[in-house]
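Step one of this worksheet: look at the structure below.
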There are 2 protein chains.
Amino acid sequence: MIYQNHPKQLISVDCVVFGYQNEQLKLLLFERDLEPAKGELSLVGGWVNENKSVEDAAAQVLLHLTGLSDIFLKQVSVFSKPDRDPGGRVISVVFYALINIEDHNQKLVDEFGAKWWPVDQLPNLVFDHNLMVEKALEKLQQLATYELVGRDLLAEQFTITQLRNLYNSIFQREFDPGNFRKKILSLKAMDRLDIKDTSESKKGAFYYQFKSQEEINISERIVKL
Amino acid sequence: MIYQNHPKQLISVDCVVFGYQNEQLKLLLFERDLEPAKGELSLVGGWVNENKSVEDAAAQVLLHLTGLSDIFLKQVSVFSKPDRDPGGRVISVVFYALINIEDHNQKLVDEFGAKWWPVDQLPNLVFDHNLMVEKALEKLQQLATYELVGRDLLAEQFTITQLRNLYNSIFQREFDPGNFRKKILSLKAMDRLDIKDTSESKKGAFYYQFKSQEEINISERIVKL
DNA sequence: TCAAAAGTGTTTTTTATACACCCATGC
DNA sequence: GCATGGGTGTATAAAAAACACTTTTGA
């Protein structure tokens with residue numbers, strides 16, 4: 001090691017884990033298991049050590065929580081105010097993750113006492129975690145503006161209405177059903193199946209399924225502003 | 001300090017400093033003054049210590065270079081592959097900065113041997129610095145899509161054509177003069193002065209000046225895709 | 001039978017693009 | 001007088017929004 005004389009810092013990752021259930025965008029909170037603020041609600045986090053990138057560290061946190069190693073992850077930003085954590089100087093790199101609640105709920109709830117909270121009625125979180133969530137949601141909106149978000153949040157098969165409800169909750173506004181359908185279908189990013197979902201309407205709505213990532217090529221804005 | 005037993009890491013900031021000169025978007029490069037790769041070209045960087053946020057650390061680097069303390073700075077992302085720096089494990093938080101070349105060139109060139117390079121013909125840089133530049137440019141384009149970029153790069157007074165040339169070089173494409181002018185003026189973000197610039201055309205072009213940040217409220221996309 | 005979601009079609013408005021054309025002036 | 005960038009206007013195309021209307025079927 002050449003850079004001998006420079007002070008080192010503690011680095012952590014914190015993950016804003018988004019899920020979608022009952023037509024609500026939710027995120028995963030935990031009761032903090034160490035001091036300070038033990039028992040209060042917080043995001044999941046982990047330490048970054050010598051031989052891992054921050055992406056790997058975040059992926060490892062998610063792997064530990066869900067048993068899955070291919071979870072959708074994006075960097076939000078770095079939080080590094082010297083006094084942001086009363087327990088000491090910790091620089092935190094924040095990520096957001098998208099996961100399917102139904103698939104992973106059991107392990108999460110049973111083993112870790114995790115709780116899903118609707119993003120539009122979050123409680124107070126420890127330290128600067130509320131700010132992290134806010135930034136993460138902005139990034140998610142940014143992503144959903146130019147890319148189709150849903151593969152990681154919805155079931156394998158889903159209706160256009162379910163996708164629209166997801167977009168409604170990401171952007172906290174109501175998209176027009178007819179216009180949303182036309183816009184989404186024009187992207188040619190999904191295949192219509194021959195099966196219908198009859199649970200949400202009497203008429204029944206066709207199920208769709210995302211094409212493989214390679215077949216999808218979206219080069220236009222999906223959501224205006 | 002409560003978090004005793006966790007390994008700490010070396011943290012640095014690296015700055016992609018953009019400037020604009022001769023109708024070219026340029027960035028500031030330095031000859032690295034320590035091993036490894038001493039003498040090769042790199043971005044400016046600095047270490048992050050205990051009592052400073054990464055934003056403060058980046059601002060300090062820029063202050064040192066230019067003497068200015070209010071430089072435009074945005075976070076790009078974290079680069080943290082364990083082997084990204086052959087000199088040891090360093091996690092780098094990358095920022096980009098926008099500065100006016102004419103205002104600060106002397107100090108930069110004289111004291112630090114800095115060199116301005118057109119972004120579209122960059123040499124090989126040390127480590128992962130080329131990748132950092134690429135990401136920074138993407139972020140700058142993202143910013144310029146929904147906000148008017150120019151205040152920090154152009155002179156106080158500038159013509160629409162100069163602003164268009166800046167946008168041309170940020171997006172590496174040619175905007176239509178008539179349409180660009182209409183779009184920009186519709187934002188009502190600048191005041192027209194009664195002075196003309198006659199250096200770039202015989203007819204002369206009116207100078208404009210940005211309104212104060214508070215008066216500017218852009219709620220639409222400026223550049224399509 | 002009728003409420004309610006699914007799905008299609010039509011109209012209007014807004015935004016983007018292409019490009020014609022006049023202006024002013026230094027050479 | 002003509003080439004050059006400055007500046008305005010117009011026609012067209014593309015994208016977004018508003019909304020009417022038809023279909024289907026369980027309650």
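The sequence lines fix the lettering, A, B, ..., with proteins before strands; numbering per chain opens at 1.
With the nearest nucleotide of DNA chain D identified for both E220(A) and A205(B), A205(B) has the one nearer the 5' end. Heavy-atom nearest nucleotides on DNA chain D were determined for K182(B) and for G204(B), and the one closer to the 5' end corresponds to G204(B). The nearest heavy atom of DNA chain C to G178(B) and to V223(B) marks one nucleotide each, and the one closer to the 5' end goes with V223(B).
Here dG7(C) presents its P atom at 4 Å from CZ of R181(A), a figure rounded to the nearest Å. One can place CZ of R164(A) at 12 Å from C1' of dA4(C), the figure rounded to the nearest angstrom. A straight line from NZ of K203(A) to P of dT22(D) spans 12 Å, rounded to a whole angstrom. Distance I222(B) CD1 to dT17(C) P: 14 Å, rounded to the nearest Å. The interatomic distance linking F175(A) (CZ) with dA16(D) (P) rounds to 11 Å, in whole Å. Per the geometry, CD belonging to E200(A) stands 11 Å off P belonging to dG7(C), to the nearest Å. Between the NZ atom of K196(B) and the P atom of dC23(C) there is a distance of 13 Å, given to the nearest Å. As rounded to whole Å, 15 Å separates atom P of dA16(C) from atom CG of L185(B).
The side-chain heavy atoms of L43(B) and V133(B), taken from C-beta on, include a pair separated by under 4.5 Å.
Between dG5(D), dG7(C), dT15(C), one nucleotide has an atom nearer to the side chain of K183(B) than all others, and that is dT15(C). Checking dA16(D), dG5(D), dG9(D) against the side-chain heavy atoms of R221(A) singles out dA16(D) as nearest. Distance from the side chain of S201(A) is smallest for dA6(C) among the nucleotides dA17(D), dG7(D), dA6(C).
A ring-centre distance under 6.0 Å is not found for F127(A) and F79(A).
Judged by the 6.0 Å and 45° rule, K196(A) forms a cation-pi pair with F206(A).
Between the side chains of Q162(B) and E23(B), no donor-acceptor pair of N or O atoms lies under 3.5 Å. Checking S212(A) against E215(A) by side-chain atom types alone, a donor-acceptor pair falls below 3.5 Å.
In the interface, the side chain of D176(A) is not paired with the base of dA16(D) through any donor and acceptor atom under 3.5 Å apart.
Using a 4.0 Å heavy-atom cutoff across all strands shown, T198(A) reaches no nucleic acid atom at all.
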